[in-house]
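Read the structure below first, then the notes.
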Amino acid sequence: MPIIDFPQPRRDRAVIIEAALNGANSKIRNPHIPTAPAEIIADAIACIDAGAAIIHTHNHDARLGGRAGADGYLDSWRDILRQRPGTLWYPTIAVPNGINSGHIHLDHVAALRAEVGMPMASIDPGSTNLAKAGPDGLPSGSSYVNSNDSIREAFLTCAELGVGPSLAIYEPGFLRTVLAWHRAGQLPRGSFVKLYFGGDWGLAASARGMTFGLPPTRLGLLAYLDMLDGTELPWSVSVWGGDLFATPVAQLALELGGHLHVGLEEFYDPERSPTNLELVQQAVGLATAVGRPLADGVQTRALLDLPGDAA
């Protein structure tokens, strides 16, 4: 049996907890998912106060880009930033032509950067199949497509605007693309690698087994860390269509110097409907048990090397 060279524990750095509050989900999936601006405001502030250093939200319609998309976010974020100035946050990608169009739309990001100094942007640097159960019980559904030309445009846009890319890694191929940009010295400043593990229920939560990517196992995480070895890129873990804390990935990530991405955008358990606050509190409790201090906003900016505010 081959010998696995396990990474050394890293408990000497502060841990970034990110809360992804809603995604494209509705209250049918979990009654606590915030959808209206007032709900998003209340949830964001509660999670910030509990220890979340980054907040990620969707607006009411991910198809909206440009001015309309920015306004959809500002309906909640003007108030959040008034109550908690300096909060690190970012929106999702706009998909006016659907998720299989091959294009990453970030035109709403420019407006948000200019008006409220938003420091980050979302980029999904690859393509994959996102399954749900078909009539015969077999995988069906759409392909999520982002072309290499579109990924290039998105990276160049982030560099031009001075925002740090939040890099969603659905599959190992996504990370290969990121690493190619890193080797070329062209990966934008502030890049944050988000390792997305496919839980039993996947993104659609339509049936068990309709999932994607690597499973949330010890060896799955080590495979990604082997790819990242020597890069010093900051990374976090999350489980989509499952419970991160029911897997070995959360504690192992903390032990090895990684960060935690939690929230109702990805969480699913047919037997349990927690709140975003409860998931953040669970992340804080695990970080404390492992012996990792929490990163605040200032420390998170430094850990990610985020560019300064525009507004």
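From a predicted model like this one, the values you see are computed outputs, not experimental measurements.
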What is the minimum heavy-atom distance between [X] and [Y], and which atoms define it?
{"X": "Ile41", "Y": "Asp75", "value": "CD1-O, 4.4 Å"}
{"X": "Leu277", "Y": "Ala46", "value": "CD1-O, 3.6 Å"}
{"X": "Ile17", "Y": "Gly51", "value": "CB-O, 4.1 Å"}
{"X": "Gly297", "Y": "Leu88", "value": "O-CD1, 3.8 Å"}
{"X": "Ile93", "Y": "Ser122", "value": "CG1-O, 3.3 Å"}
{"X": "Ile123", "Y": "Cys158", "value": "CD1-SG, 3.6 Å"}

Any donor-acceptor pair under 3.5 Å linking the side chain of [X] with the backbone of [Y]?
{"X": "Thr300", "Y": "Asp296", "result": "yes"}
{"X": "Ser273", "Y": "Asn30", "result": "no"}
{"X": "Glu115", "Y": "Leu112", "result": "no"}
{"X": "Arg113", "Y": "Met118", "result": "yes"}
{"X": "Asp243", "Y": "Phe245", "result": "yes"}
{"X": "Lys132", "Y": "Ala204", "result": "no"}
{"X": "Thr211", "Y": "Gly199", "result": "yes"}
{"X": "Ser143", "Y": "Val145", "result": "no"}

Counting only heavy atoms not in Arg29, do more than 12 sit closer than 6.0 Å to its CZ atom?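 Check passes, neighbour count above 12.
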
When you look at CZ of Arg272, are more than 12 heavy atoms from neighbouring residues, nucleotides or ligands closer to it than 6.0 Å? yes

Intermediate values then yes/no, side-chain contact (heavy atoms from CB on, under 4.5 Å), Glu266 and His261: CA-CA 9 Å; Glu266 65 258 30; His261 180 289; 2.8 Å; yes

Heavy-atom side-chain proximity of [X] to [Y] below 4.5 angstrom:
{"X": "His259", "Y": "Ser238", "value": "no"}
{"X": "Cys47", "Y": "Ile55", "value": "yes"}
{"X": "Leu156", "Y": "Gln186", "value": "no"}
{"X": "Thr157", "Y": "Phe155", "value": "no"}
{"X": "Tyr224", "Y": "Val193", "value": "no"}
{"X": "Tyr73", "Y": "Ile80", "value": "no"}
{"X": "Met227", "Y": "Arg176", "value": "yes"}
{"X": "Phe267", "Y": "Val239", "value": "no"}

Whether the [X] and [Y] side chains hold a donor-acceptor pair (N or O, under 3.5 Å, no angle test) is what I'd like checked.
{"X": "Trp201", "Y": "Ser206", "answer": "no"}
{"X": "Tyr144", "Y": "Asp124", "answer": "yes"}
{"X": "Glu265", "Y": "His58", "answer": "yes"}
{"X": "Glu255", "Y": "Gln251", "answer": "yes"}

Tell me whether [X] shares a hydrophobic cluster with [Y], the cluster being built from Ile, Leu, Val, Met, Phe, Trp, Tyr side chains joined at under 4.5 Å.
{"X": "Met210", "Y": "Leu214", "result": "no"}
{"X": "Tyr268", "Y": "Phe212", "result": "no"}
{"X": "Leu219", "Y": "Leu254", "result": "yes"}

Where do Val237 and Phe197 land on the side-chain contact (heavy atoms from CB on, under 4.5 Å) test, with the steps shown first? CA-CA 7 Å; Val237 296; Phe197 293 90; 3.9 Å; yes

Supply the atom-to-atom distance [X] [atom1] to [Y] [atom2], rounded to the nearest 0.5 angstrom.
{"X": "Leu279", "Y": "Leu244", "atom1": "CG", "atom2": "CG", "answer": "9.0 Å"}
{"X": "Leu74", "Y": "Leu81", "atom1": "CG", "atom2": "CG", "answer": "8.5 Å"}
{"X": "Leu179", "Y": "Leu175", "atom1": "CG", "atom2": "CG", "answer": "4.0 Å"}
{"X": "Met120", "Y": "Leu304", "atom1": "CE", "atom2": "CG", "answer": "5.5 Å"}
{"X": "Leu187", "Y": "Arg189", "atom1": "CG", "atom2": "CZ", "answer": "13.0 Å"}
{"X": "Arg82", "Y": "Thr87", "atom1": "CZ", "atom2": "OG1", "answer": "12.0 Å"}

So that I can tick it off, tell me whether Asp149 and Arg152 are bridged by a salt bridge, with the cut-off set at under 4.0 angstrom between side-chain N and carboxylate O. no

Closer than 4.0 angstrom, basic N to acidic O: yes or no for Asp107 and Arg67? no

With sequence neighbours left out, write down each residue that passes side chain to side chain contact (heavy atoms under 4.5 Å, CB included) with Pro34, or none if nothing qualifies. Leu21, Asn22, Glu39, Ile40, Asp43, Asn276

So Tyr90 and Val109, side-chain contact (heavy atoms from CB on, under 4.5 Å) or not? Walk me through it. CA-CA 9 Å; Tyr90 65 99; Val109 170; over 6 Å; no

Show your working on side chain to side chain donor-acceptor pair (under 3.5 Å) between Ser191 and Trp181 and close with a plain yes or no. CA-CA 11 Å; Ser191 291; Trp181 278 76; over 6 Å; no

Hey, mind stepping through Tyr196 and Glu171 against side-chain contact (heavy atoms from CB on, under 4.5 Å) and telling me if it holds? CA-CA 8 Å; Tyr196 286 6; Glu171 307 272 3; over 6 Å; no

